[in-house]
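Here the structure comes first, spelled out in C-alpha cells, and everything after it is commentary.
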Amino acid sequence: MPELPEVETVRRGLTPVLEGARLSRVRINRPDLRFPFPGRFVERLEGATVLRIDRRAKYLLAPLSTGETWITHLGMTGRFTLDGTLLGEFEEAAPIAGKHEHFSGCAIRDGAATRVGYADARRFGFMGLISSDQIETHPWFAGLGPEPLGNGFSGAHLGEAFAGKKQNIKVSLLDQRIVAGLGNIYVCEALYRARISPLVAAGSVSKARLERLATEVRNVLNDAIAAGGSTLRDFANAEGGQGYFQHRFDVYGREGEPCRGENCTGVVARIVQGGRSTFYCPSCQKR
C-alpha cells in the first residue's frame, strides 16, 4: 500500500496541473470503488475549480470552489495519470481508458486541457466529497494524530502518547491515532536509524531516544519523498514514473543480508508484529 511519501509524491505531481484548474467532462465507469461514489458525484465535480491539492495522512484532499473537498485514498493499487498530449484546447476528453480506469476528467487551466485519469485494479481505493468545513470531524479524519512532518510531531508528543504503554514500539507507531500516515516500511527504517529495537515496550523508551526517533522519522520520510517514494509492486507517480527509495532501504525487505551499519557484523532479521513483517538488526537495535 502506498505510504505517506508515495502519496506526497502524487500530490506534488498533481499540483501543477490541478491547482487552479476547472474540472470538466468527468466520467466514472462503475458505481463504486472500495465504497460507492457519492451521489451526483460527476455533477458535483463538473465545473468546479480545484483550489489546491493537500494531503492528510495517506489521503489526497482537493478543496473545491463549491465549498466541498474531493477526497481520494489510493488504497493498494490506485494511481492517477496525467496526459496533456491527447487534448487540444477545449477538445473532448478521451473516454475511460481500459477496464481498470474508473475515473477520468479534463482539467482546464490557462487555456490548456489535461486529461486526468484514475485507475485502480484491485479497487481498494476510494473517492469522496465532503463539505470543506466538516473535514476535521468526518470519520475518516477525526481520530488522526499529528502529521509526522508537521510541528505537532515531536519526541515530547511520543512520550505523552506512549506513557505507560506496554505494547511494542513498532506496532504503537503504526497507530494512526498517535501519528498520522506512518506505514510499515518507514517505521522499520526509522527505528533502524534511531537504533531502537522494535521489540521494546513503547512506554519504556527514554525521552532522549524518542527525540532521536522523531528526528529520524522526519529524515526517512523526507529522504523517501526526495527519491519519489518507493515502488515495490504497483506504485507509480502521476507522470507514470516509479520511486527509487527502495534501493536505499537499510532493513526493509533485507532479511538475511548484512547490516549496513558501520562496524556492525549483524544480519537483518524478520519477525511478525501485529500481522506485519518487521525488519531490523538485532545487533544495532538493542532493547
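Quantities reported herein were computed from a predicted structural model and do not represent experimental measurements.
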What are the two closest heavy atoms between [X] and [Y], and how far apart are they?
X      : Y      : answer
Lys170 : Val187 : CD-CG1, 3.5 Å
Leu4   : Pro148 : CD1-CG, 3.6 Å
Ser132 : Thr69  : OG-OG1, 2.7 Å
Gly261 : Arg195 : CA-NH2, 4.1 Å
Arg122 : Met76  : NH1-CE, 3.5 Å
Arg44  : Thr66  : O-CG2, 4.4 Å

Heavy-atom side-chain proximity of [X] to [Y] below 4.5 angstrom:
X      : Y      : answer
Val42  : Arg27  : no
Phe162 : Leu173 : yes
Asn184 : Tyr252 : yes
Ile196 : Leu210 : no
Cys259 : Tyr192 : yes
Tyr186 : Val217 : no
Arg218 : Leu149 : yes
Phe103 : Leu45  : yes

At what distance, to the nearest 0.5 angstrom, does [atom1] of [X] lie from [atom2] of [Y]?
X      : Y      : atom1 : atom2 : value
Arg22  : Glu46  : CZ    : CD    : 9.0 Å
Phe124 : His73  : CZ    : NE2   : 12.0 Å
Ile130 : Thr137 : CD1   : OG1   : 9.0 Å

Determine whether a donor-acceptor pair (N or O, by modelled atom type, separation under 3.5 Å) exists between the side chain of [X] and the backbone of [Y].
X      : Y      : result
Arg212 : Arg193 : yes
Gln176 : Leu182 : yes
Glu160 : His157 : no
Arg52  : Pro63  : no
Arg123 : Gly75  : no
Gln273 : Pro198 : yes
Gln167 : Ala201 : no
Arg55  : Ala57  : yes
Glu255 : Val268 : no
Arg270 : Gly256 : no

Exercise. Step by step, work out the side chain to side chain contact (heavy atoms under 4.5 Å, CB included) result for Val116 and Phe80.
Key: CA-CA 7 Å; Val116 181; Phe80 278 97; 3.9 Å; yes

Quiz prompt | side chain to side chain contact (heavy atoms under 4.5 Å, CB included) evaluation trace for Arg12 with Ile225 | solution = CA-CA 10 Å; Arg12 295 183 183 189; Ile225 291 167; 3.4 Å; yes

Please tabulate, one pair per line, all N/O donor-acceptor pairs under 3.5 Å involving side-chain atoms of residues 138-146, not counting sequence neighbours.
| unit_1 | atom_1 | unit_2 | atom_2 | d |
| --- | --- | --- | --- | --- |
| His138 | ND1 | Trp140 | N | 3.1 |

Can [X] and [Y] be counted as an ion pair, charged N to O under 4.0 angstrom?
X      : Y      : value
Glu101 : Arg115 : yes
Asp120 : Arg30  : no
Asp54  : Arg56  : no
Glu257 : Arg254 : yes

Practice problem: Could you go through the side chain to side chain donor-acceptor pair (under 3.5 Å) check for Lys165 and Ser172 one step at a time? | Solution: CA-CA 9 Å; Lys165 237 181 182 345; Ser172 297; 4.6 Å; no

Quiz item: Is the centre of the Tyr118 ring less than 6.0 Å from the centre of the Trp70 ring?
Solution: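 Here the rings of Trp70 and Tyr118 have centres that are no less than 6.0 Å from each other.
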
Self-check item: Co-members of the apolar cluster containing Leu199 [side chain, <4.5 Å]
Solution: Ile271, Tyr280

Quiz item: What pairs meet the side chain to side chain donor-acceptor pair (under 3.5 Å) rule with one or both residues in residues 199-209, with sequence neighbours excluded?
Solution: none

Practice problem: Start with the C-alpha distance between Leu158 and Phe153, add both sets of side-chain angles, then the distance that settles side chain to side chain contact (heavy atoms under 4.5 Å, CB included), and finish with yes or no. | Solution: CA-CA 8 Å; Leu158 289 177; Phe153 179 69; 3.7 Å; yes

Quiz item: Does atom CG of Asn151 have more than 12 heavy-atom neighbours from other groups under 6.0 Å away?
Solution: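 No, because the 6.0 Å sphere around CG of Asn151 holds 12 heavy atoms or fewer from other groups.
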
Exercise. Apply side chain to side chain contact (heavy atoms under 4.5 Å, CB included) to the pair Thr49 and Leu64, showing each step before the final yes or no.
Key: CA-CA 6 Å; Thr49 296; Leu64 305 174; over 6 Å; no

